[in-house]
Amino acid sequence: MDIFRINGQKRLEGEIKIHGSKNSALPILAAAVLVQGQTTIHNCPRLSDVDAAIEILEALGCQVTRTGHSVLIDATALSSSEISDSMMLKMRSSVVFLGAILGRTGEAKLSTPGGCEIGLRPIDLHISAMKQMGAEMQSKDGKLFFSAANGLQGANITLAFPSVGATENVLLAAATAKGRTILSNAAREPEISDLADFLNAAGARIQGAGDSTVIIDGVSHLHAVTHTVIPDRIAASTYLLAGAMTKGSVKVDGIIPAHVGALLPILEEAGCHLTVGSKWVHLDAPPRLRPVKMTRTMPYPGFPTDVQAPLSAMLTVADGTSVIVENIFESRYKHAASLLRFGAKISVEGRMEVIEGVPFLTGARVEAPDLRGGMALVLAGLAAQGETTVSGLSHIDRGYEAPEKLLKSLGADIQRIKDYAGTKIENETNADPELTGEKCGETE
Ligand code: EPZ
């Protein structure tokens, strides 16, 4: 088990380049299943979730080679339509392969993804959309069997919630379906537009991606394609928050500033000075952060739920009380219990988190509860007096490429200790159960 060891209160200063987006690379890797020929993907981040997606592609019979941040996939010899139990357990977002496998082979077999640390994560919207496009589904012993003997048909689909994954599965299934699909109440995240750009470059006919209504006219097949994945807006946001809570001066480069648009006014309300370029944002933090009265997580272009935990960390050292309301997932405050170990003052009531800023944090031994909550604890360690150790790095390595390297390049005193044999770090278990979200009992 690797751990991070951090000596805090080092002011972050300098410039970092942000890696490609995990949440864009995953559906684009799935889309390669639809391509009869070679797919070349550039700026693909080196993350364990990407490793898992490549494992799935190879298990389906695709040829995959990866050189640095480029991945070449040839799906010509696809020989399976099943995602194994172990893969679904390893990465629940493997469900995004459903639409592509069904579209390519006319069938798909996968186990029910199940919940994870941040919520129950149902896939009812995905299933309903596939059925509206002509697929039949049987479920047995926790496995889902989809079949579309006559191929998928275009349909008019309205999502009850603008689900990112369900939107992606509809784009993937509709790309080579017969006829027109009109998707209403679609998710508008930049990753949806990036997926549509990839599919259109491969010969698909998709209009309106990024808006709430997307029109897909099915085509007979998709041809060889080369695509560069957009930068990771969640990683960019996380490192800006790291600069903010260490009184730093940080420039995140190689990004699309519009994709972090919901965070910038919050950083300014907290007293940070921002300069925005065409592909970068520079942040100068104040000596003492101001509180942020109210932040509500919302579907894009609202404030992203994936930045909620890192924002919580920053607000623990603001000079006053801040409130966050988590509107997307039902149990995404697991990091709050560990932030208490740093001396933070936080209370959680249902979906509302109230953070009373403290003058300083003190280092703690903590374990990452999930991907974004784990990075929130790293940020707290960067700001805290003294030493912090963070275990559970397998969560963090899913979505941040070599974070210790980037943070070290900004002046952080952070080491990754490989195969740490020390005692297992037990999170505070006597904390208010409301805080830990354990009452829901999700496990990955
Ligand atoms: C994607 O998850 C992202 N993951 C998540 O990022 C992100 O938090 C989320 O979108 C919201 O932006 C990837 O892209 C791989 P949803 P997804 O379907 O698609 C409910 C990270 O940290 N819902 O938009 O699973 C669901 O329970 C991860 O990088 C249904 O009820 O999110 C949730 O409450 C975490 N039924 C809400 O919708 C469904 O069929 C939003 O989920 C599907 C979703």
Side-chain angles (χ1 to χ4, degrees), residues 19-31 45 47-50 52-53 56 88 90-99 112-132 137 144 157-172 183 185-195 212 229-230 232-238 259 262 297-311 326-332 334-335 351 368-376 395-401 437 440 442 444:
H19 55 72
S21 163
K22 163 179 88 82
N23 291 348
S24 189
L26 295 179
I28 287 173
L29 287 163
L47 302 167
S48 56
D49 270 9
V50 169
I56 291 172
M88 288 304 296
K90 192 171 184 180
M91 183 174 72
R92 65 163 308 288
S93 39
S94 308
V95 69
V96 79
F97 277 82
L98 169 60
T112 316
C116 71
E117 315 79 26
I118 62 175
L120 294 174
R121 311 290 293 271
I123 60 166
D124 53 309
L125 302 178
H126 301 243
I127 292 169
S128 160
M130 296 303 108
K131 286 181 174 175
Q132 291 176 67
M137 187 195 82
L144 305 175
I157 300 169
T158 298
L159 295 177
F161 181 88
S163 154
V164 171
T167 300
E168 290 163 348
N169 262 326
V170 171
L171 262 62
L172 291 164
L183 176 60
N185 198 26
R188 299 171 53 197
E189 275 70 2
E191 293 77 29
I192 305 294
S193 303
D194 204 27
L195 173 62
S212 296
V229 171
I230 57 172
D232 193 310
R233 60 192 172 99
I234 309 302
S237 301
T238 305
H259 291 175
T297 66
M298 298 298 280
Y300 193 89
F303 187 84
T305 174
D306 295 346
V307 183
Q308 178 257 102
L311 175 64
E326 171 56 59
N327 290 309
I328 307 295
F329 290 105
E330 67 269 25
S331 130
R332 200 166 197 177
K334 290 241 171 46
H335 53 282
R351 288 179 177 252
D370 54 58
L371 164 55
R372 308 300 177 185
M375 266 312 264
H395 289 294
I396 295 175
D397 291 337
R398 288 184 44 225
Y400 292 92
E401 184 177 326
C440 306
E442 274 79 38
E444 184 162 26

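Counting starts at 1 for both ligands and their atoms, in listed order. All residue numbers in this chain count up from 1 along the given sequence. Because the structure is a prediction, the values reported are computed rather than measured.
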Which residue holds the protein heavy atom closest to [atom], what is that atom called, and what is the gap in Å?
{"atom": "atom 8 (O) of ligand 1", "answer": "D306 OD1, 2.6 Å"}
{"atom": "atom 26 (C) of ligand 1", "answer": "F329 CE2, 4.2 Å"}
{"atom": "atom 15 (C) of ligand 1", "answer": "N23 OD1, 3.3 Å"}
{"atom": "atom 34 (O) of ligand 1", "answer": "I328 O, 2.5 Å"}

For the pair [X] (side chain) and [Y] (backbone), establish whether a donor and an acceptor sit closer than 3.5 Å, ignoring hydrogens and angles.
{"X": "K334", "Y": "E117", "result": "yes"}
{"X": "N185", "Y": "T158", "result": "no"}
{"X": "N169", "Y": "M130", "result": "no"}
{"X": "R92", "Y": "R121", "result": "yes"}

Per-atom contacts, ligand 1 versus [X] - under 4.0 Å to a heavy atom:
{"X": "I123", "answer": "39 (C), 40 (O)"}
{"X": "G165", "answer": "18 (O), 19 (O)"}
{"X": "R332", "answer": "8 (O), 22 (O), 35 (C)"}
{"X": "R121", "answer": "2 (O), 17 (P), 25 (O), 27 (O)"}
{"X": "P122", "answer": "27 (O), 30 (C), 31 (O), 36 (N), 39 (C), 40 (O), 43 (C), 44 (C)"}

Check whether any N or O atom of [X], backbone or side chain, sits under 3.5 Å from an N or O atom of ligand 1, and answer yes or no.
{"X": "S93", "result": "no"}
{"X": "I118", "result": "no"}
{"X": "T305", "result": "no"}
{"X": "V164", "result": "yes"}
{"X": "K22", "result": "yes"}
{"X": "L371", "result": "no"}

Where do [X] and [Y] come nearest, in terms of heavy atoms and distance?
{"X": "Y400", "Y": "A235", "answer": "CE2-CA, 3.8 Å"}
{"X": "S94", "Y": "M88", "answer": "CB-SD, 3.6 Å"}
{"X": "V307", "Y": "S237", "answer": "CG2-CB, 3.7 Å"}
{"X": "L26", "Y": "S93", "answer": "CD1-OG, 4.0 Å"}
{"X": "P27", "Y": "E168", "answer": "CG-OE2, 3.5 Å"}

Side chain to side chain donor-acceptor pair (under 3.5 Å) involving T167 - partner list, sequence neighbours excluded: none

Just heavy atoms, cut-off under 4.0 Å: does [X] contact ligand 1 by side chain, backbone, both, or neither?
{"X": "L125", "result": "both"}
{"X": "R372", "result": "side chain"}
{"X": "E191", "result": "neither"}

Tell me, please: is [X] in heavy-atom contact with ligand 1, that is, under 4.0 Å?
{"X": "A166", "value": "no"}
{"X": "M298", "value": "no"}
{"X": "D49", "value": "no"}

Pair R398 + D370: basic N to acidic O under 4.0 Å: no

Verify atom 20 (C) of ligand 1: protein non-hydrogen atom under 4.0 angstrom away: no

Set of residues satisfying side-chain contact (heavy atoms from CB on, under 4.5 Å) with respect to S21, sequence neighbours excluded: N23, S24, E191, V229, I230, D232

For D306, the option from K22, R233, R332 that meets side chain to side chain donor-acceptor pair (under 3.5 Å): R332

